[in-house]
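Lettering of chains follows the sequences in order, A, B, ..., and the numbering in each one begins at 1.
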Amino acid sequence: MSSFPSQLLTWFDQHGRHDLPWQHPRSPYRVWLSEIMLQQTQVATVIPYFHRFMEAFPTLPDLARADNDTVMANWAGLGYYARARNLHAAAKQCLERHDGDLPRDFDALLALPGIGRSTAGAILSQAWNDSFPILDGNVKRVLTRYHGIVGFPGQPAIEKQLWGLAAAHVAQVPAGRMADYTQAQMDFGATLCTRAKPACILCPLQGNCVAHAEGLVDALPTPKPSKTLPEREATALLLEDAQGRILLLKRPPTGIWASLWTLPQADTDALMREWFATHIQGDYDNAEELPLIVHAFSHYRLHLQPLNARKVALRARVGDNADLRWVSRTELANLGLPAPIRKLLERHRAH
DNA sequence: AAGTCGGGGAA
DNA sequence: TTCCCAGACTT
């Protein structure tokens with residue numbers, strides 16, 4: 001009987017995706033960038049960002065030497081901004097310690113910020129045909145079904161079991177086909193063994209699939225235990241000076257919307273009023289309420305109330321500084337803004 | 001072991 | 001609405 005990898009590769013040769021942007025050429029830098037962008041992000045979302053990034057930073061040293069605001073601006077809208085910070089930091093480390101290249105060594109890759117076990121395996125297998133397993137959402141779904149693994153895959157004990165199965169399969173991959181095997185697993189999970197309505201009727205592994213045999217396909221993988229999303233409220237200030245420029249604030253390098261530029265924001269109206277009083281010359285009570293923004297994060301839902309005040313100025317002793325500045329409409333395009341804030345400003349400009 | 005970190009597509 | 005996606009990192 002043909003092995004799991006062999007059957008998967010036969011399927012891949014005929015039905016896999018062979019023309020994704022990072023496959024031509026399949027260089028270490030391009031594979032790395034794609035793997036980081038694809039963390040918790042679907043292929044269709046990533047593709048335009050990948051093209052823009054490659055245009056802005058054609059080589060790893062280009063990325064390493066780039067200004068952080070430029071990197072963040074090219075990432076803005078893609079989410080999980082720690083990925084961009086880690087990517088930039090890792091590029092700098094590669095320039096200093098690895099001659100401007102990505103190291104072809106598992107532990108050296110793992111030591112770079114933003115690269116975990118699965119991403120390191122994906123890079124080495126795809127860029128160099130080296131034998132390393134991966135364990136992403138696709139592989140977790142395929143393995144839990146194929147082997148009939150019950151239990152939430154995010155649970156450490158289950159995840160450990162899945163890593164073991166993934167490694168066992170890798171040992172059976174035909175020589176010279178590791179890159180294709182890694183891609184095959186992801187293509188298979190993304191296009192055939194999908195979360196909803198998998199195409200079992202077309203599946204080459206159906207005969208050996210435990211979930212299929214036991215009628216567990218729809219029940220696996222075991223879903224994450226659900227919790228009700230907490231609600232949070234906040235107030236934001238859309239402040240304009242006499243020239244119509246907007247006051248933006250650069251957020252710290254960690255936390256929500258890390259290193260992005262956004263509106264001054266506070267958890268309560270009282271705190272917002274206090275910030276206004278110490279930083280701005282103008283009348284807070286004159287500010288106009290803009291439509292409420294409801295934005296869902298992974299772990300809470302934010303109700304953000306924007307207030308608009310025009311023709312205000314910074315208090316003299318505050319002044320312009322690196323983290324707080326007036327931004328014109330044309331400058332706006334060069335800065336990284338959170339998606340809901342950018343939408344707010346675009347709507348506001350339309351009026 | 002649990003929490004933090006975005007935004008969008010799909011059902 | 002809810003789930004979850006080519007996960008990593010912190011606590």
Side-chain angles (χ1 to χ4, degrees), chain A residues 16-17 20-23 30-50 72 75-87 89-90 109-123 125-126 133-142 152-160 162-163 166 179 181-191 194-198 218 221-230 232 251-260 262 293-302 336-343:
Chain A
R17 295 175 290 189
L20 294 168
W22 39 91
Q23 294 175 323
R30 292 164 65 90
V31 168
W32 171 48
L33 178 60
S34 72
E35 288 301 327
I36 301 301
M37 286 187 163
L38 286 161
Q39 288 170 0
Q40 298 294 291
T41 311
Q42 294 179 348
V43 168
T45 303
V46 163
I47 287 176
Y49 283 88
F50 181 83
M72 297 313 295
W75 195 277
L78 196 53
Y80 282 157
Y81 298 97
R83 293 185 294 174
R85 175 170 49 87
N86 289 333
L87 185 80
L109 279 178
L110 208 56
L112 292 171
I115 299 182
R117 183 177 177 183
S118 187
T119 298
I123 293 170
S125 60
Q126 296 202 78
I134 61 168
L135 190 62
D136 61 6
N138 290 310
V139 179
K140 284 177 179 174
R141 184 169 54 256
V142 172
F152 174 55
Q155 197 174 342
I158 304 293
E159 190 168 316
K160 185 179 177 182
L162 293 173
W163 271 115
Y181 177 67
T182 292
Q183 187 63 47
Q185 293 175 89
M186 300 191 280
D187 290 357
F188 184 75
T191 66
T194 50
R195 180 163 67 93
K197 298 182 182 175
D218 290 333
T222 304
K224 178 189 180 118
S226 64
K227 290 172 186 166
T228 54
L229 221 54
R232 295 190 194 175
R251 298 183 67 93
T254 58
I256 201 79
W257 292 337
S259 302
L260 294 192
T262 186
I293 297 172
V294 181
H295 187 70
F297 293 95
S298 308
H299 47 304
Y300 64 89
R301 191 192 328 275
L302 178 67
L337 274 67
I341 302 301
R342 185 170 290 284
K343 284 176 190 168

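The side chain of A/Lys343 places an N or O atom within less than 4.0 Å of a non-bridging phosphate oxygen (OP1 or OP2) of B/dG8. Of the side-chain N and O atoms in A/Trp75, none sit less than 4.0 angstrom from OP1 or OP2 of B/dG6. At C/dG7, one or more side-chain N or O atoms of A/Gln40 fall inside 4.0 Å of OP1 or OP2 (strictly under the cut-off). Checking the phosphate oxygens (OP1, OP2) of B/dG7, a side-chain nitrogen or oxygen of A/Tyr81 falls inside 4.0 Å. At C/dC5, one or more side-chain N or O atoms of A/Arg141 fall inside 4.0 Å of OP1 or OP2 (strictly under the cut-off). Between A/Lys227 and B/dG3 there is a side-chain N or O to OP1 or OP2 distance below 4.0 Å. For A/His299, no side-chain nitrogen or oxygen approaches OP1 or OP2 of B/dG3 to under 4.0 Å.
Of all the heavy atoms in A/Ile115 and A/Ile123, the pair that sits closest is CD1-CD1, 4.0 Å. Nearest heavy atom pair, residue A/Pro133 against residue A/Trp163, reads O-CZ3, 3.7 Å. Across all their heavy atoms, A/Ala122 and A/Ile134 have their closest contact at N-CG2, 3.4 Å.
A/Ala339 comes within 4.0 angstrom of the backbone, heavy atoms only, and of no base. Counting any heavy atom pair closer than 4.0 Å across all strands shown, A/Ser34 reaches no nucleic acid atom. Among the heavy atoms of the strands lying under 4.0 Å from A/Leu20 is at least one base atom, whether or not backbone atoms are also near. As judged by a 4.0 angstrom heavy-atom cut-off over every strand, A/Phe297 is placed among residues touching the sugar-phosphate backbone only. Within the 4.0 angstrom heavy-atom criterion, only backbone atoms of the sugar-phosphate kind lie near A/Gly255; the bases stay farther away.
Look at NZ on A/Lys197: it is 6 Å from P on B/dA11, rounded to the nearest Å. Rounded to whole Å, the distance from OH on A/Tyr80 to P on C/dA6 is 13 Å. In this structure, A/Leu78 places its CG atom 14 Å from P of C/dA6, rounding to the nearest Å. In this entry the distance linking CD of A/Glu159 with P of C/dG7 reads 11 Å, nearest Å. Between the CD1 atom of A/Ile47 and the P atom of C/dA6 there is a distance of 13 Å, given to the nearest Å. Atoms CG (A/Asp218) and P (C/dC4) sit 13 Å apart, rounded to a whole Å. Rounded to whole Å, atom P of C/dT10 lies 8 Å from atom CZ of A/Arg85. In this entry the distance linking CZ of A/Arg251 with C1' of B/dC5 reads 12 Å, nearest Å.
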Quick one, A/Thr41 with A/Tyr49, criterion side chain to side chain contact (heavy atoms under 4.5 Å, CB included). Give me CA distance, side-chain angles, the key distance, then yes/no.
CA-CA 11 Å; A/Thr41 311; A/Tyr49 283 88; over 6 Å; no
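Picking from C/dA8, C/dC4, B/dG7 the nucleotide with the shortest atom distance to the side chain of A/Gln39 gives C/dA8. Here the side chain of A/Gln183 is nearest to one of C/dA6, B/dG9, B/dG6, namely C/dA6. Here the side chain of A/Val43 is nearest to one of C/dT2, C/dA6, B/dG9, namely C/dA6.
Ring-plane geometry between A/His295 and A/Trp257 is classed as tilted, the angle between the planes lying from 30 to 60 degrees on a 0 to 90 degree scale.
Between the side chain of A/Thr41 and the base of B/dG8, no donor-acceptor pair under 3.5 Å is found.
Nearer to the 5' terminus of DNA chain B, by closest-nucleotide assignment, is the contact made by A/Pro156 (compared with the other of A/His295 and A/Pro156). In terms of position on DNA chain B, the residue among A/Gln42 and A/Arg83 whose nearest nucleotide sits closer to the 5' end is A/Arg83.
A/Arg85 contributes a side-chain N or O that, together with a main-chain N or O of A/Pro253, makes up a donor-acceptor pair within less than 3.5 Å.
The salt bridge (Lys or Arg N to Asp or Glu O under 4.0 Å) check on A/Arg232 picks up nothing, with sequence neighbours excluded.
Between C/dT11 and B/dG6, the two P atoms lie 16 Å apart (nearest whole Å). The gap from the C1' atom of B/dG9 to that of C/dA8 amounts to 23 Å, rounded to the nearest Å. Only the P atoms considered, B/dA11 is 14 Å distant from C/dA6, to the nearest whole Å.
One side chain, A/Arg141 or A/Asn138, offers a donor N or O that lies under 3.5 Å from an acceptor on the other.
Remark: A/Met37 CE to A/Trp22 CH2 distance equals 9.0 Å, nearest 0.5 Å.
Contacts between residues 113-122 of chain A and DNA chain B, counted as heavy-atom distances below 4.0 Å, involve no residue at all.
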